[in-house]
Structure formats: structure tokens, C-alpha cells
Protein chains: 2
Amino acid sequence: MGATPAISVGISSAIADDERAHDGETLAASAYTRLRQDILKCRLMPGAKLRLEALRRDYSVGFSPLREALARLTGEGLTIVEGQRGFRVASVSAGDLEDIARLRSEIETMALRMSIEKGSDAWEADVAAALHHLLLLPHGRWPAGSPLTDEWSRRHKRFHDSLVAACGSPRLLAIREDLFEHSERYRRLLIEHGTEGRDLATEHREIANAVLARNAPTACALIAGHIRATASTMMAIISS
Amino acid sequence: MGATPAISVGISSAIADDERAHDGETLAASAYTRLRQDILKCRLMPGAKLRLEALRRDYSVGFSPLREALARLTGEGLTIVEGQRGFRVASVSAGDLEDIARLRSEIETMALRMSIEKGSDAWEADVAAALHHLLLLPHGRWPAGSPLTDEWSRRHKRFHDSLVAACGSPRLLAIREDLFEHSERYRRLLIEHGTEGRDLATEHREIANAVLARNAPTACALIAGHIRATASTMMAIISS
DNA sequence: GGCAAGGAAAATTTCGAAATTTTGTCCTTT
DNA sequence: AAAGGACAAAATTTCGAAATTTTCCTTGCC
């Protein structure tokens with residue numbers, strides 16, 4: 001993926017102290033949240049060396065809370081600590097993307113199977129509601145920065161989260177969320193992922209139908225295909 | 001599991017600075033490693049409030065590197081940060097143990113299936129070697145602190161690691177390792193887990209045989225049972 | 001030209017005091 | 001008795017200078 005780019009900081013990292021939650025949140029925690037977002041949204045580029053002096057200025061925080069925030073992100077795999085040489089944003093690779101995609105497919109189907117097995121009526125109602133909510137906003141090719149992009153992503157995520165919400169395994173959901181976010185980092189890195197040739201509404205509708213019919217094998221096959229199609233698009237971009 | 005116990009620090013946390021690696025390792029990283037071990041070995045008890053002044057003394061490190069180490073452990077789920085109130089060791093619960101055990105079973109069989117599918121001759125040789133090595137040291141009820149306990153555990157882990165080594169998914173192996181360590185924390189918390197009524201050597205031999213025969217369904221069933229039996233023992237202890 | 005050594009500048013890490021927050025105790029009010 | 005307020009002590013978090021390490025540049029040697 002070419003040379004390590006210089007650190008690039010977006011405007012969200014310059015948010016004033018005023019926006020810090022007033023419920024005991026520390027400067028370190030606040031910086032952590034902001035840094036995390038900037039990494040996940042690729043405003044801090046993969047592989048980039050994190051210059052502490054620059055970050056201290058940009059995030060309006062001292063060295064100690066800054067290091068603390070970065071250390072916490074190291075524990076999450078989003079930064080890499082290089083002893084005596086500071087921190088670096090975790091890098092990306094085609095191999096990792098492939099690993100994530102395959103693993104997401106497995107984890108998602110595992111969680112889905114468990115959910116179908118354990119889900120109550122209320123869970124079904126929630127899935128139906130999330131599908132309905134999603135379909136009310138047809139996927140479109142919106143201009144970069146459009147609020148509709150974020151809104152669609154929110155509804156999309158809500159839909160997928162609802163499918164597995166009844167799996168009964170908090171740890172599995174945490175693993176799933178982690179993989180999702182790392183996958184999103186790739187998607188954002190590769191700009192807008194194309195959905196040409198895909199009928200997303202139909203894909204989502206068919207997934208929901210299989211789930212609500214409690215047909216685990218079909219639902220799992222459909223969700224795995226859904227994930228694979230997205231990853232294929234990204235892999236194609238990386239290869240070119 | 002009763003009231004939150006007071007912080008208890010074992011001798012390993014008082015290791016002198018001399019033992020810090022001389023390859024650029026920071027004080028923060030050194031403290032992280034030691035703290036991590038102490039949490040995983042339950043020398044720092046689950047749920048315990050981590051008193052920074054005491055830790056600073058016990059681990060011979062200042063507040064900044066100490067907080068940094070603790071933050072990193074927060075990112076790994078081993079500590080919980082409580083805004084303006086410091087850190088706490090992550091707690092344990094019967095529900096979490098159950099979640100981990102079930103998830104470990106699923107993850108292990110997934111990794112095993114992939115390994116069986118992808119494993120080379122060299123991988124098979126490694127599995128055979130690990131089994132042989134393990135069986136050369138029959139499991140016994142050794143006195144606490146006996147080096148044989150650690151040696152057996154090392155060989156045991158080596159055996160299980162070898163089974164899944166060819167799965168080809170670094171992220172899956174990381175998730176698996178994480179779950180294993182969290183599970184080990186429970187095991188250590190519950191003192192020596194009993195293996196009465198179990199013929200561990202036979203269990204290990206049968207698992208290896210199925211794996212080397214490339215019989216994924218059988219191998220997965222056996223490994224899942226192996227994990228379930230261990231978890232059942234722990235669940236029984238928690239219930240009593 | 002390539003490599004090694006030395007020194008200055010830049011960057012990173014740590015320290016410990018100051019600033020801030022939380023906790024605990026005592027007293028008053030309802 | 002329970003709740004609230006005030007205040008001191010204890011604990012936590014942060015700051016920024018000092019200490020330490022790394023990086024970069026220059027010089028000299030082969």
C-alpha cells in the first residue's frame with residue numbers, strides 16, 4: 001500500500017475541551033475516543049507514525065493522557081507501540097483484509113445461528129423493524145460528506161446488529177463488533193465502496209426473510225455471501 | 001463470588017528494574033507485562049480496585065507509565081477504567097465463564113476445521129511431536145508450585161496450539177489466544193482444577209488421531225467435549 | 001562511494017509536584 | 001432514621017520540565 005503517509009489530522013480532532021463529557025471523563029478517555037474515531041475513519045492513516053508533539057497540539061492534551069490513550073488503543077490493536085520510538089497506527093494489508101472478511105463471515109453466521117435458535121418474538125419484531133427502517137431509505141450514490149451516507153450506514157448497521165442481537169454471547173458480540181470496525185476501516189480507506197451490480201435492498205430483504213423464517217442454513221449462506229461480496233469489491237480495489 | 005477482595009500482590013511484581021529488557025523497552029511496557037501476568041494468574045484478584053500509589057511502589061514505576069500500562073490492559077479487557085476513579089481488575093462471573101467456554105468451543109472447532117483443511121505434512125509432524133511430548137509427562141496431582149505443573153501446562157498448550165496452527169488466520173488465532181487466557185484466569189482463580197474421572201492422555205491421543213486422520217467432524221466433536229468437560233468442572237466449583 | 005564515529009537537534013519517556021476529584025467524617029436539618 | 005451540606009484527607013489525573021533515547025547530519029577513514 002505504498003509508503004507510510006505523513007500524519008493527516010481532520011477537523012474532528014480539534015474539538016474544544018468544552019465538548020468533554022462532564023460525568024468524570026478524563027482527558028485521556030476523551031482523547032482515546034477521538035483518536036479511535038480518527039483511526040477508524042482513516043483520518044490517521046494506517047501505518048502512520050504518530051508524532052506526539054503534533055498530537056498533543058491537535059488534540060489539546062498533555063503527553064501523559066495522550067500516551068495513555070494511545071496505549072489503550074494498542075490494547076485494542078489499532079495502534080502499535082514501538083518501544084522508545086513512540087506509536088504507529090496499525091497498518092493494513094490485503095492478507096489482513098482477507099482474514100477479516102473470512103472471519104467475519106464465520107463469526108457472523110455463528111452469531112446468527114445462535115440468535116435464530118434463541119431469539120424471542122420481541123427479537124423478531126426488532127429485526128422486522130430494522131429491515132423496514134433500512135428499506136425506507138434506498139441506497140444511493142450520495143456526494144461525499146452527505147448526511148444521508150451516515151444515516152444509511154446507521155440503519156444498515158442497525159439492521160445487521162438486530163439479526164444477531166439474541167445470540168446471548170456478549171463476548172461473541174464484542175469480537176464481532178471489533179471485526180466489523182476493522183473491516184470498516186478498510187472500506188473507508190478504499191473510499192466509497194461500490195455497490196454496482198448489487199441489489200442491496202433485495203439482499204437485505206432475503207436475509208431478513210430467512211431469519212424470520214428461522215431458516216438458519218439459508219440465512220447463514222445469505223449473510224456469508226453478503227459479507228463476501230463486500231470484501232470482494234474491496235479486494236478488487238486493492239489489487240488494482 | 002463475594003465481596004471485592006483487597007489488592008494482593010505476589011512477589012513477581014517486585015522484580016527489580018534490572019530485569020527490564022535492554023532493547024528499548026519502556027518502563028510502561030515492562031509494567032504492562034508484569035501487570036498482565038499478575039492479573040492472568042489472579043495475583044491481582046478479579047474485581048479488585050487497583051490503588052495507584054500501592055502499584056507505583058510495588059512495581060517500582062511512576063504514575064505515568066503505570067497508567068499507560070493499565071490503559072493498555074483496558075484495551076485488552078483485563079482492566080476496567082472508571083473515569084476519575086482509577087482502574088479495576090476486570091471481574092469474573094459464572095455467566096462470563098459460560099460464555100467463554102461456549103465460544104472457545106466454537107472458535108476452537110472453527111480453527112481446527114481450517115487447520116485440517118489447510119495443514120501440510122509438516123503441520124501433521126508437529127502435531128504428532130506435540131502429542132508425543134505431552135504424553136511423555138503423564139498428568140499428575142503435583143504439589144502447588146511444582147515446576148512439573150508449569151511444564152505440563154506448557155506441553156498441554158503446545159499440543160493444543162499445534163492442532164490449529166495451520167488455520168491460516170492470524171486474527172482467529174489472536175481471538176483464540178485471548179479467550180484461552182481469559183479462561184485460564186478462571187481456572188487459576190478456582191485453584192487447581194480437578195481432573196478426576198478424566199483420562200486426559202486418552203482424550204489427547206484421540207483428538208490427535210482424529211486430526212491426523214483429517215476427520216474434521218470427529219476431531220471437532222472431541223475438542224469441543226474436551227473444552228466442555230473442563231468448563232463443567234469450573235462451573236461446578238463456582239456453583240458450590 | 002560506503003561505512004563508522006561523533007555530536008547536535010529532535011523526539012520520546014519519565015518524574016514528581018500541582019491541580020483536580022473523590023471519599024470519608026461530622027454536623028445539621030427534616 | 002435518613003438526607004444534605006461542609007470540610008479535610010486521600011486518591012487520581014495532569015502538567016511541563018528534566019532525563020533519556022533516537023534521528024539526522026557532518027566528518028574522517030578505507
Side-chain angles (χ1 to χ4, degrees), chain A residues 3-9 13 15-35 44 47-75 79-89, chain B residues 3-9 13 15-35 44 47-75 79-89:
Chain A
T4 305
I7 174 172
S8 157
V9 180
S13 57
I15 293 177
D17 285 355
D18 291 346
E19 295 199 24
R20 181 164 45 122
H22 296 289
D23 59 353
E25 189 174 45
T26 60
L27 283 185
S30 172
Y32 157 77
T33 301
R34 283 186 283 152
L35 279 163
L44 296 174
K49 174 76 199 297
L50 295 168
R51 311 295 302 275
L52 296 189
E53 179 59 48
L55 291 190
R56 188 191 61 76
R57 247 189 290 110
D58 291 337
Y59 290 79
S60 302
V61 70
F63 287 124
S64 300
L66 176 60
R67 292 188 62 88
E68 195 174 316
L70 290 172
R72 186 166 163 190
L73 289 166
T74 294
T79 58
I80 306 292
V81 63
E82 301 179 322
Q84 297 292 346
R85 291 184 188 82
F87 297 82
R88 195 172 280 279
V89 180
Chain B
T4 305
I7 173 173
S8 157
V9 179
S13 56
I15 294 178
D17 284 355
D18 291 346
E19 296 201 23
R20 181 167 41 122
H22 296 291
D23 59 352
E25 190 176 43
T26 59
L27 283 186
S30 172
Y32 156 76
T33 301
R34 283 186 284 153
L35 278 164
L44 296 176
K49 174 77 201 300
L50 296 168
R51 311 296 301 278
L52 296 189
E53 179 59 48
L55 291 189
R56 189 192 60 76
R57 246 188 294 109
D58 292 336
Y59 290 79
S60 302
V61 70
F63 286 126
S64 301
L66 176 59
R67 292 188 61 85
E68 196 175 317
L70 290 172
R72 187 166 162 190
L73 289 166
T74 295
T79 59
I80 306 293
V81 63
E82 301 180 322
Q84 297 294 344
R85 292 182 189 79
F87 298 82
R88 196 172 281 282
V89 180

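Numbers restart at 1 for each chain; the letters A, B, ... are given by sequence-line order, proteins then strands.
A straight line from OH of Tyr59(B) to C1' of dC15(C) spans 20 Å, rounded to a whole angstrom. Rounded to an integer number of Å, the gap from Glu53(A) CD to dA17(D) P is 12 Å. Distance CZ (Arg85(B)) to C1' (dG24(C)): 14 Å, rounded to an integer number of Å. Distance, Leu55(B) CG to dT12(D) C1': 13 Å, rounded to whole Å. Between the CG atom of Leu66(A) and the C1' atom of dA11(C) there is a distance of 13 Å, given to the nearest Å. Spacing between atom CD of Glu25(B) and atom P of dT14(C) amounts to 10 Å, rounded to whole angstrom units. Rounded to a whole Å, the CG atom of Leu70(B) is 14 Å from the P atom of dT14(D).
Minimum interatomic distance between Leu50(B) and Leu55(B) (heavy atoms only, all atoms of both residues): CB-CD1, 3.9 Å. Nearest heavy-atom pair across Leu70(A) and Leu52(A) is CD1-CD2, 3.6 Å. Across every non-hydrogen atom of Ala28(A) and Ala69(A), the tightest pair is O-CB, 3.5 Å.
With dT14(C), dA11(D), dT14(D) as the choices, the nucleotide that has an atom nearest any side-chain atom of Leu27(A) turns out to be dT14(D). Side-chain atoms of Phe63(A) lie closest to dA17(D) of the nucleotides dT14(D), dA11(D), dA17(D). The side chain of Lys49(B) approaches dT12(D) more closely than any other nucleotide in the set dC15(C), dT14(D), dT12(D). Listed nucleotides: dT12(C), dT12(D), dT21(C). Nearest to the side chain of Leu52(A): dT12(C). The listed nucleotides are dT22(C), dT12(C), dT14(C); the one nearest the side chain of Gln84(B) is dT22(C).
The structure places CG of Leu66(A) at 8.0 Å from CZ of Phe87(A), a figure rounded to the nearest 0.5 Å.
Contact annotation: Arg51(A) side-chain N/O to dA11(C) OP1/OP2 distance is under 4.0 Å. A sub-4.0 Å separation between OP1 or OP2 of dT12(C) and a side-chain N or O of Arg56(A) is absent.
Within the 3.5 Å criterion, the main-chain N or O of Thr74(B) finds a donor-acceptor partner in the side chain of Thr79(B).
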